[in-house]
Amino acid sequence: VKDVDSLRDEIIIQDCFVDSASALIQEVYDKAIQKGQIAISDRIERVVQNRVIALLRERLGYGYWGNLKDQDNSNINAAVLEEFLANQQKLTKAQISGVIAKLKQAAHCTSKTALYNANKEVYRMLRFPVPVPTEPGKPMKQAWLVDWKNPLNNIFSIAEEVSVPTAGGEVSHRRPDVCLYVNGILFAVIELKKATVSIEEGVRQNWRNQQESEIPGFFSTAQLLVS
């Protein structure tokens, strides 16, 4: 085993079922443990995380963005959202730019105290249509960020180890374990822990990451936190 992370990624990319993928991943980590490359506790958490990823990819059809630990990330992937707005909402480039600008403005949050209001405003934009200008003298077009009536029209994606710059805390970045996106918008953050660790630790981690000097802005679009 020369590179545990790369081998894990190769396994995930293959079209494996959940059980077979997990068996392969466990074998990789067992070999790495024998060579002293990782600790047993790390292997257990890794296997759990990869089972979740395999479930979402193979059973639920989520697109996989990969392991994003080596890049700075945000809660809005503009390219994916542009694709949805163009293909499903039939907006022009100018209209798309306007909608994304409104969403980013609503989601902008640099402090814990502003997080509640930002999240509430983003929820309103996700739940109800966004008015979009058309031509002078004509009614506004109603654009949806999520197609609630036809769920399969949406773009569901998953990413792991999503590295996010902090607002000046004791570390430079935080990395939520698994993040779920709908049309490029962060919807859910999942913190995974092995069975020997209290579920409260995962809850505390999600809570800590929302604090003033951490990554509160990342949670401004999140609708579900799971531990």
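When the salt bridge (charged side-chain N to carboxylate O under 4.0 Å, His left out) test is applied to Glu201, the partners found at least two apart in sequence or on another chain are Arg204. Residues forming a salt bridge (charged side-chain N to carboxylate O under 4.0 Å, His left out) with Lys138 (at least two apart in sequence, or on another chain): Glu135. Phe84 meets the ring-ring contact (aromatic ring centres under 6.0 Å, His included) test with no other residue; sequence neighbours excluded. Considering only residues two or more places apart in sequence or on other chains, Glu83 meets the salt bridge (charged side-chain N to carboxylate O under 4.0 Å, His left out) condition with none of them.
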Report the C-alpha distance between Asn75 and Ser220 in whole Å, list the side-chain angles of each, state the deciding distance to 0.1 Å, and finish with yes or no for side chain to side chain donor-acceptor pair (under 3.5 Å).
CA-CA 8 Å; Asn75 52 2; Ser220 64; 3.0 Å; yes
For Val162 and Trp65: C-alpha separation, side-chain torsions, deciding distance, then whether side-chain contact (heavy atoms from CB on, under 4.5 Å) applies.
CA-CA 10 Å; Val162 180; Trp65 289 356; over 6 Å; no
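Between the side chain of Thr166 and the backbone N or O of Val171, at least one donor-acceptor pair lies under 3.5 Å. Here the side chain of Gln105 pairs no donor or acceptor atom with the backbone of Lys102 at under 3.5 angstrom. Under the 3.5 Å distance criterion, the side-chain polar atoms of Gln223 are matched with a main-chain donor or acceptor of Thr221. Gln210 places no side-chain N or O within 3.5 Å of a backbone atom of Pro216 that could act as its donor or acceptor partner. Using a distance-only test at 3.5 Å, with no hydrogens or angles considered, a donor-acceptor pair links the side chain of Gln95 to the main chain of Pro133. Judged by distance alone, the side chain of Asn73 and the main-chain N or O of Gln71 form a donor-acceptor pair under 3.5 Å. A distance-only check finds no donor-acceptor pair linking the side chain of Asn150 to the backbone of Leu152 [under 3.5 Å]. Proximity of a side-chain donor or acceptor of Asn119 to a complementary backbone N or O of Ala222 within less than 3.5 Å is detected.
A 4.5 Å side-chain heavy-atom check between Phe156 and Leu56 finds every atom pair outside the cut-off. In this structure the side chain of Glu160 reaches within 4.5 angstrom of the side chain of Tyr64, judged on heavy atoms.
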Can you list, pair by pair, the side-chain donor-acceptor contacts under 3.5 Å of residues 123-130, counting residues two or more places apart and other chains?
{"unit_1": "Arg124", "atom_1": "NE", "unit_2": "Glu121", "atom_2": "OE1", "d": "3.4"}
{"unit_1": "Arg124", "atom_1": "NE", "unit_2": "Glu121", "atom_2": "OE2", "d": "3.2"}
{"unit_1": "Arg124", "atom_1": "NH2", "unit_2": "Glu121", "atom_2": "OE2", "d": "2.6"}

Without placing hydrogens or testing angles, list every side-chain donor-acceptor pair under 3.5 Å for residues 175-192, not counting sequence neighbours.
{"unit_1": "Arg175", "atom_1": "NE", "unit_2": "Glu161", "atom_2": "OE1", "d": "3.3"}
{"unit_1": "Asp177", "atom_1": "OD2", "unit_2": "Leu192", "atom_2": "N", "d": "2.8"}
{"unit_1": "Asn183", "atom_1": "OD1", "unit_2": "Ile155", "atom_2": "N", "d": "2.7"}
{"unit_1": "Asn183", "atom_1": "ND2", "unit_2": "Leu145", "atom_2": "O", "d": "2.8"}
{"unit_1": "Asn183", "atom_1": "ND2", "unit_2": "Asn154", "atom_2": "OD1", "d": "3.0"}
{"unit_1": "Glu191", "atom_1": "OE1", "unit_2": "Gln205", "atom_2": "NE2", "d": "3.1"}

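A single hydrophobic cluster is not seen to contain both Val52 and Val203; linkage of ILVMFWY side chains at heavy-atom distances under 4.5 Å, directly or through other members, places them apart. Under the 4.5 Å side-chain heavy-atom criterion for grouping Ile, Leu, Val, Met, Phe, Trp and Tyr, Trp148 is connected to Leu85 within one hydrophobic cluster. Residues Tyr116 and Leu224 do not share a hydrophobic cluster, defined by chaining ILVMFWY side chains whose heavy atoms lie under 4.5 Å apart.
Once rounded to the nearest 0.5 Å, the distance linking CG of Asn209 with CZ of Arg174 reads 6.0 Å. Here the straight-line distance linking atom CG of Asn206 with atom CG of Leu225 works out to 5.0 Å at 0.5 Å rounding. Note that NZ of Lys141 is 9.5 Å distant from OG1 of Thr92, once rounded to the nearest 0.5 Å. Here Arg57 contributes atom CZ and Asn50 contributes atom CG; the two are 10.5 Å apart, rounded to the nearest 0.5 Å. The structure places NE2 of His108 at 13.0 Å from CG of Leu103, a figure rounded to the nearest 0.5 Å. Rounded to the nearest 0.5 angstrom, Ser163 OG and Phe218 CZ are separated by 9.5 Å.
Heavy-atom contacts from other residues, nucleotides or ligands closer than 6.0 Å to CD of Glu212 number more than 12.
The shortest non-hydrogen separation linking Ile76 to Ala107 is CD1-CB, 4.2 Å.
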